[in-house]
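Here's the structure, in structure tokens; my notes come after.
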Amino acid sequence: MNILSRRIAALGFALLTLTASTAIAQDLRIATEGTYPPWSYVDAKGTLTGWDVDIANALCEVMKAKCKIVAQEWDGIIPGLNAKKYDMIVASMGVTEKRRQQVAFSKKYKNTSSQFVARKGTFADTSPAALKGRVIGVQRGSIQDAYLSASYPDSQIVRYDKTTDVEMDLIAGRIDLLLANRVTSLLGFLKSPQAAGYELVGPEYTGGLLGEGNAIALRKDDAKLLAQVNSAIDTILSNGTYDKIVRKYFDFPLM
Amino acid sequence: MLDFSIMADAFPNLLKGAGMTGRLSILILLLGMMLAVPLAYARNAQSIWLHGPASIYILVIRGIPSLLQVFIVYYGLGQFSFVRNSALWPIFRDPFWCVIIALGLNSAAYTAEIIAGALRQVPKGLVEAAQALGLSWFQTQRKVTIPLAVRAALPAYENEVILTIKATSLASTITLLDLTGAARLEVSNTFAPYEVFLTAGAIYFCITTSLSWLLRRFEVRLSAGHRNEERRVKEFQPVLPGIPDH
């Protein structure tokens, strides 16, 4: 009797693990940008790394999914998702109304703000009136691009493929200021030795066209994966994994 | 499947971009031609001091991708403070002139190779005959060598023109709103790469094919005398027995 019940239990357990493993054996492809330090970049060894990559891996571990993370140019990242080249975008993407028409967004996984960067002591006032006729660099298709295009009609706005290109041209002096994610500038650009003469100027900007924080983008018809991702975000926020990843890169909280 | 309203909305901006593509192409081809003619003569010269540097220039330029050449001129030169402080900085600061310099130098190498080849094709006998008639070097060039070389170079040069127009799309990587740049901006606003890139592709196609057609007509006009001669030769050819006529 005892042996029998044990056998039944063992069989039940085997069945359970079998069904469980078939249910969770999903392959996910995740896109990130790869040229956006410290969020996602390629390190000296050639591997894709950064805060977003760590978050993506942590989410995959919670979802027990086998994930492949790929780098994708920013201005094609949403079309690529809808063309099913990958299943989700973990790339510090700002949630905006316009993007919401194209994709479904998860819960917020990061708060953000934008701020201008310029040569030290050159600009104190960054209002549209003060920057009239000035050349401002920005990444094409970013929330900062949308914001500048709408709010700074009298400035010359120059659009680049990547933030690293904007930074190079700020140093070269082709642009007077750049507008980018505050933390990106603080920890990516302003930490580099070439950026010694540059600083954040003006106030932090948030909300409106600059988005309601960052979230993970999924295809609109992928409700099942969206639910999984949302619960995985809850899990890593509550079990300390999220904080651990943040501390690896920053000495201040992101949420 | 295709959203025609997106195509229609994007069209005016793409046309503006096509204008920039046209301006870039014309200036690049002009700069390329100006440098290519002396380069071609140097390449064909006897003296190693002339054909050595010309050959090395052509070899190096043709061996490096044009995208890198654009990046070297735009991002590379901008890195040095002596360039930024020089009188030339207003030129190198402007992405427009950077593309023209990079692609103009590039086009010069290819065009020089085409011209040098065409000059070598001119029969030696004709040049010697001209000299025997007492024509100076310049007169020989003007009346004999150049007219024949232009005819020989045109088909290959037509190809170079088309390649240059398409190469101007590299301007979009350094913030210029040429046809490709305008298309990429439209895509980032509409998230509809299929419609926008297809429309941009159609505009490129119209530009390149109509230009190619024009150059062909020019070519036919130049070689009109040649053709008649060929036809006459053909007409006088006797039909040999046993060879099927077709």
Side-chain angles (χ1 to χ4, degrees), chain A residues 35 72-83 85 89 93 96-103 119 135-146 148-150 156-176 178 192-194 197 209 217 219-220, chain B residues 1-3 5-6 9-10 13 17 20 67 70-86 88-99 169-178 180-198 200:
Chain A
T35 53
Q72 161 72 43
E73 287 235 345
W74 186 251
D75 58 6
I77 206 163
I78 285 180
L81 175 73
N82 287 330
K85 289 188 164 192
I89 302 169
M93 184 177 277
T96 62
E97 267 321 299
K98 214 167 144 192
R99 287 177 181 154
R100 220 184 255 292
Q101 291 168 11
Q102 298 291 325
V103 297
R119 186 170 278 282
V135 188
I136 310 173
V138 72
Q139 182 181 28
R140 186 193 310 117
S142 63
I143 50 175
Q144 290 84 8
D145 182 3
L148 285 175
S149 304
Q156 189 193 336
I157 295 155
V158 184
R159 298 172 179 85
Y160 295 80
D161 293 0
K162 335 184 227 298
T163 51
T164 41
D165 291 346
V166 193
E167 293 156 4
M168 272 199 280
D169 261 7
L170 182 67
I171 292 178
R174 288 194 179 99
I175 54 177
D176 299 315
L178 67 81
S192 64
Q194 308 96 289
L209 285 172
R219 277 187 295 278
K220 279 188 161 179
Chain B
M1 201 173 116
L2 274 179
D3 189 340
S5 68
I6 290 178
D9 287 345
N13 283 336
M20 168 69 89
L67 177 63
V70 170
F71 281 172
I72 289 169
V73 172
Y74 186 78
Y75 288 118
L77 293 180
Q79 184 190 325
F80 301 108
S81 54
F82 69 86
V83 176
R84 295 206 296 270
N85 296 327
S86 76
L88 288 176
W89 182 238
I91 292 173
F92 286 111
R93 183 195 167 118
D94 192 338
F96 182 80
W97 294 110
C98 286
V99 173
S169 65
L170 297 176
S172 71
T173 62
I174 56 168
T175 76
L176 278 181
L177 289 178
D178 70 317
T180 302
R184 293 177 74 176
L185 188 60
E186 284 295 322
V187 168
S188 75
N189 287 330
T190 59
F191 305 106
Y194 192 55
E195 284 84 351
V196 175
F197 285 144
L198 214 60

So, does A:R140 use its side chain to make a donor-acceptor pair with the main chain of B:T175 at under 3.5 Å?
no
With a 4.5 angstrom heavy-atom cut-off, which part of B:R84 approaches chain A: side chain, backbone, both or neither?
side chain
Residue part contacting chain A, namely of B:Y74, when any heavy atom lies under 4.5 Å:
both
Which region of A:D161, side chain (C-beta onward) or backbone (N, CA, C, O), has a non-hydrogen atom less than 4.5 Å from a non-hydrogen atom of chain B, or is it both or neither?
side chain
Which bit of A:Q139 is near chain B, if near means a heavy-atom gap under 4.5 Å: side chain, backbone, both or neither?
neither
Between B:F191 and A:P79, what is the shortest heavy-atom contact and its length?
O-CG, 4.1 Å
Pick one of side chain, backbone, both or neither for B:S172, based on which atoms fall under 4.5 Å of a heavy atom in chain A.
backbone
Closest-packed option against chain B by number of heavy-atom pairs under 4.5 Å, given A:I77, A:N82, A:V158, A:D169:
A:D169
So with a 6.0 Å cut-off around OH of B:Y75, is the heavy-atom count from everything else above 12?
yes
Find the one option among A:R99, A:Q101, A:K98 whose heavy-atom pairs under 4.5 Å with chain B are most numerous.
A:K98
For A:R174 and B:P95, indicate whether the former's side chain and the latter's backbone hold a donor-acceptor pair under 3.5 Å.
no
